[in-house]
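I have a structure here, written as structure tokens, and I will follow up with some questions on it.
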Amino acid sequence: MSIRVRFAPSPTGYLHVGGLRTALYNYLFARKNNGKFILRIEDTDRNRYVEGAVENLINSLKWCGLNYDEGPDVGGDFGPYMQSQRLDIYKTYADKLISEGHAYYCFCTPERLEELRKEQMAKKLPQAKYDKHCLHLSRDEVQKKLSKNIPHVVRLNVEPGKKIIFEDVIRGTVEFDSDNIDDQVLIKSDGYPTYHMANVVDDHLMQISHVIRGEEWLSSTPKHVLLYNYFGWELPTFAHLPLLLNPDRSKLSKRQGDVAVEDYRAKGYLKEALINFVALLGWNAGDDKEFYYIEELIEKFSLERVNKSGAVFDIEKLNWLNAEHLRAKSDTDLLTMLKEELSKSKYADLTLSDDYLLHVIHAMKERVSFVNEFITKSPYFFEMPSSYEEKTIEKNWEPDTPEQLKKLRDKFALLENPSRKDYEKALKETANELGIGAGKLIHPLRLALSGMSTGAGIYDILFIIGKDETIKRINQAINTLK
RNA sequence: GACCCCAUCGUCUAACGGUUAGGACAUCACUCUUUCAAGGUGAAAAUACGGGUUCGAUUCCCGUUGGGGUCACCA
């Protein structure tokens with residue numbers, strides 16, 4: 001049997017990182033097993049329609065590199081891939097169920113349903129359930145109501161007293177009692193199907209072999225199993241993934257931080273890092289490897305090694321992986337990204353040669369976790385210091401510092417086309433002549449050049465900004481700080 | 001509340017009956033570097049609890065506790 005899996009999000013406006021993880025596992029599983037990865041949009045809730053949501057979702061997926069073989073914008077033999085365009089299909093199958101007694105029309109008003117619920121609550125029933133009231137309507141009564149256009153839904157006719165047992169690749173055998181299962185609405189009064197109906201019909205029609213989805217669906221899986229049984233269809237293999245969690249161990253949600261892939265993208269996270277990180281939330285290859293590119297994930301992935309328990313989304317580890325992936329990038333890749341970042345910054349109007357930026361990258365690569373930090377952590381490569389760190393002044397700027405720096409400045413002035421080594425030699429000579437340690441010069445010099453106490457190697461800074469700029473900055477510092 | 005799922009360092013996890021319970025992030029120390037990082041070395045840090053099964057349980061079974069998910073004409 002050929003492997004076909006799908007990612008079936010509802011278009012809520014953005015791609016949730018939990019959704020990303022689900023999509024990724026589906027993708028990895030498909031690629032690993034020479035299967036097909038399908039994108040299906042579950043847009044059956046008209047009340048939740050969001051303009052541009054599908055485009056957004058697709059953009060995020062594509063940014064991550066999770067390309068699908070079939071989907072709304074790429075087509076395929078099993079379309080359409082938007083559930084809102086498949087209404088007639090669901091209707092046909094619902095009719096089939098009705099004619100076979102596995103589903104029935106229900107004309108109950110929301111008011112009656114509400115009352116029923118209250119009644120059941122008052123009786124302290126373990127669970128509020130529909131009372132099959134409309135199941136007992138005669139054929140004629142149903143026809144009459146239908147012809148009068150009375151609003152109605154179609155409900156699943158759950159047979160009580162049955163055990164519903166299914167296998168889950170990740171959780172093993174899972175068992176439910178049909179007494180605990182409500183007569184789920186299959187077709188809503190607006191003619192749209194509910195998730196349960198559309199999901200089962202589409203998975204079957206699209207020949208989905210493995211349903212890989214979040215654990216939040218585990219409880220409704222018996223309803224789906226019932227549907228497969230009533231239709232006489234073969235069950236797909238189920239794999240319910242552990243949830244992604246907030247630091248307080250509740251289901252990962254918007255309230256406790258960023259949750260959309262686009263948020264992480266906007267913050268400068270690399271797609272490689274995000275993929276790598278999210279892949280390790282609930283899965284590992286069984287070894288100690290932590291750094292992965294997606295190709296290696298495809299090679300190693302298996303559903304059998306997916307964990308059962310939820311995983312906290314630990315931003316610290318993501319940050320570390322981002323830094324790792326950043327450092328693993330070539331200088332030329334980083335150059336492209338840095339230019340992009342600069343064009344969005346206040347230094348957009350600066351004209352800096354590739355050569356200059358490459359030197360900056362080389363000097364700062366080990367010190368940044370995000371591309372924009374080349375700018376925020378070393379602004380001194382892009383402008384003169386406009387202020388000087390107070391703490392550093394107190395610590396390193398002494399009364400005789402200006403005189404010493406003047407001497408150093410004059411020494412630098414004599415250099416011709418100096419290399420890093422030339423600067424170093426000049427500095428050490430000056431220190432010698434002054435009878436002081438090199439540190440006495442280096443610290444105030446760093447302050448003069450950068451305005452701060454941390455950053456790139458001092459000789460890198462000297463070399464990169466150049467002699468003229470160096471002299472200018474020393475003068476400015478002396479004038480400002482006295 | 002009912003149903004279902006889950007349970008190893010703070011966090012992500014390894015160990016598929018026998019290990020000094022391993023690794024990574026984070027934390028701390030030392031080291032390298034006259035900065036800060038990165039790197040290196042090291043430290044602290046876990047099998048929720050109680051019963052079984054077994055010569056032997058992190059591992060298998062049962063219970064307790066704890067956490068989570070689901071209980072819509074939302075997905």
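Nothing here was measured: the structure is a model prediction, and the numbers come from that model. We name chains A, B, ... by the order of the sequence lines, and we start the count at 1 in each one. Only this structure's heavy atoms are used, side chains among them; waters, hydrogens and symmetry mates stay out.
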Fill in the blank from the handout: So, with a heavy-atom separation below 4.0 Å from RNA chain B, the residues of residues 40-56 of chain A are A:Glu42, A:Thr44, A:Asp45, A:Arg48

Practice task
Determine whether the side chains of A:Asp422 and A:Ser419 contain a donor N or O and an acceptor N or O closer than 3.5 Å.
Solution key: yes

Problem - side chain to side chain contact (heavy atoms under 4.5 Å, CB included) between A:Ile375 and A:Glu341, worked out - result: CA-CA 8 Å; A:Ile375 302 170; A:Glu341 210 57 48; 4.0 Å; yes

Handout entry: Spacing of NZ belonging to A:Lys129 relative to CZ belonging to A:Arg117, to within rounding of 0.5 Å
Key = 14.0 Å

Handout entry: Sugar-phosphate only, base, or nothing, as touched by A:Gly214 at under 4.0 Å among non-hydrogen atoms
Key = nothing

Problem - Any residue meeting salt bridge (charged side-chain N to carboxylate O under 4.0 Å, His left out) with A:Asp333, in chain and number order, not counting sequence neighbours - result: none

Handout entry: Proximity to RNA chain B (any heavy atom under 4.0 Å), residues of residues 6-14 of chain A only
Key = A:Ser10

Fill in the blank from the handout: As its Watson-Crick or G-U partner within any shown strand, both distances under 3.5 Å, B:U27 has B:A43

Practice task
For A:Arg327 and for A:Phe313, find the nucleotide of RNA chain B with the closest heavy atom, then tell me which residue's nucleotide is more 5'.
Solution key: A:Phe313

Handout entry: A:Lys289 atom NZ, neighbour heavy-atom count above 12 within 6.0 Å
Key = yes

Exercise for the section: With the side chain of A:Ser309 defined as its heavy atoms from C-beta on, choose the nearest nucleotide among B:A7, B:C73, B:U11. Expected result: B:A7

Exercise for the section: Please determine if A:Glu424 and A:Arg420 form a salt bridge, counting it only when a charged side-chain N lies under 4.0 Å from a carboxylate O. Expected result: no

Fill in the blank from the handout: 5' to 3', nucleotides 57-70 of chain B under a 4.0 Å protein heavy-atom cut-off (B base, S sugar-phosphate only, - none) gives -----------SBS

Handout entry: Identified side chain to side chain contact (heavy atoms under 4.5 Å, CB included) counterpart of A:Pro222 within the set A:Leu227, A:Ile181, A:Val158, A:Ile165
Key = A:Ile181

Listed pairs under 3.5 Å, donor-acceptor, residues 440-454 of chain A side chains, sequence neighbours left out:
{"unit_1": "A:Lys440", "atom_1": "NZ", "unit_2": "A:Glu398", "atom_2": "OE2", "d": "3.4"}
{"unit_1": "A:Arg446", "atom_1": "NH1", "unit_2": "A:Ala456", "atom_2": "O", "d": "3.0"}
{"unit_1": "A:Arg446", "atom_1": "NH2", "unit_2": "A:Ala456", "atom_2": "O", "d": "3.0"}
{"unit_1": "A:Ser450", "atom_1": "OG", "unit_2": "A:Arg446", "atom_2": "O", "d": "2.8"}
{"unit_1": "A:Ser450", "atom_1": "OG", "unit_2": "A:Met452", "atom_2": "N", "d": "3.1"}
{"unit_1": "A:Ser450", "atom_1": "OG", "unit_2": "A:Met452", "atom_2": "O", "d": "3.1"}
{"unit_1": "A:Ser453", "atom_1": "OG", "unit_2": "A:Glu389", "atom_2": "OE1", "d": "3.3"}

Problem - Crowding at NZ, A:Lys254 (>12 non-hydrogen neighbours, <6.0 Å) - result: no

Practice task
Could you tell me whether the side chain of A:Asn307 reaches within less than 4.5 Å of the side chain of A:Trp283, counting heavy atoms only?
Solution key: no

Measure all distances between protein nitrogen or oxygen atoms and nitrogen or oxygen atoms of nucleotides 18-28 of chain B, and list the pairs falling under 3.5 Å.
{"unit_1": "B:G23", "atom_1": "N2", "unit_2": "A:Glu290", "atom_2": "OE2", "d": "3.2"}
{"unit_1": "B:A24", "atom_1": "O4'", "unit_2": "A:Glu290", "atom_2": "OE2", "d": "3.0"}
{"unit_1": "B:A24", "atom_1": "N3", "unit_2": "A:Lys317", "atom_2": "NZ", "d": "3.2"}
{"unit_1": "B:C25", "atom_1": "O2'", "unit_2": "A:Lys317", "atom_2": "N", "d": "3.4"}

Practice task
Would you please confirm or rule out a distance under 4.0 Å between OP1 or OP2 of B:A15 and any side-chain N or O of A:Arg305?
Solution key: yes

Exercise for the section: Could you name each residue pair satisfying side-chain hydrogen bond (donor to acceptor under 3.5 Å, both in side chains) that touches residues 170-186 of chain A, not counting sequence neighbours? Expected result: A:Tyr104-A:Asp183, A:Lys132-A:Asp183, A:Glu167-A:Thr173, A:Gln184-A:Lys223

Practice task
Among residues two or more places apart or on two chains, list those pairs meeting ring-ring contact (aromatic ring centres under 6.0 Å, His included) that have a residue in residues 149-181 of chain A.
Solution key: A:Tyr105-A:His152, A:Phe107-A:His152, A:Phe166-A:Phe238

Handout entry: Pair listing, ring-ring contact (aromatic ring centres under 6.0 Å, His included) test, anchored in residues 5-25 of chain A, at least two apart
Key = A:Tyr25-A:Phe301

Exercise for the section: Scan residues 368-388 of chain A against RNA chain B and write down, sorted by residue number, each residue with any heavy atom closer than 4.0 Å; if none is found, say none. Expected result: none

Handout entry: Inter- and intrachain pairs under side-chain hydrogen bond (donor to acceptor under 3.5 Å, both in side chains), touching residues 313-325 of chain A, at least two apart
Key = A:Tyr269-A:Asn319, A:Asn276-A:His325, A:Glu290-A:Lys317, A:Glu324-A:Arg327

Handout entry: A:Thr221 and A:Val174, any side-chain heavy atoms less than 4.5 Å apart
Key = no

Practice task
Mind listing the residues from residues 170-196 of chain A sitting with a heavy atom below 4.0 Å of RNA chain B? Number order is fine.
Solution key: A:Arg171, A:Val174, A:Glu175, A:Phe176, A:Asn180, A:Val185, A:Lys188, A:Ser189, A:Pro193, A:Thr194, A:Tyr195

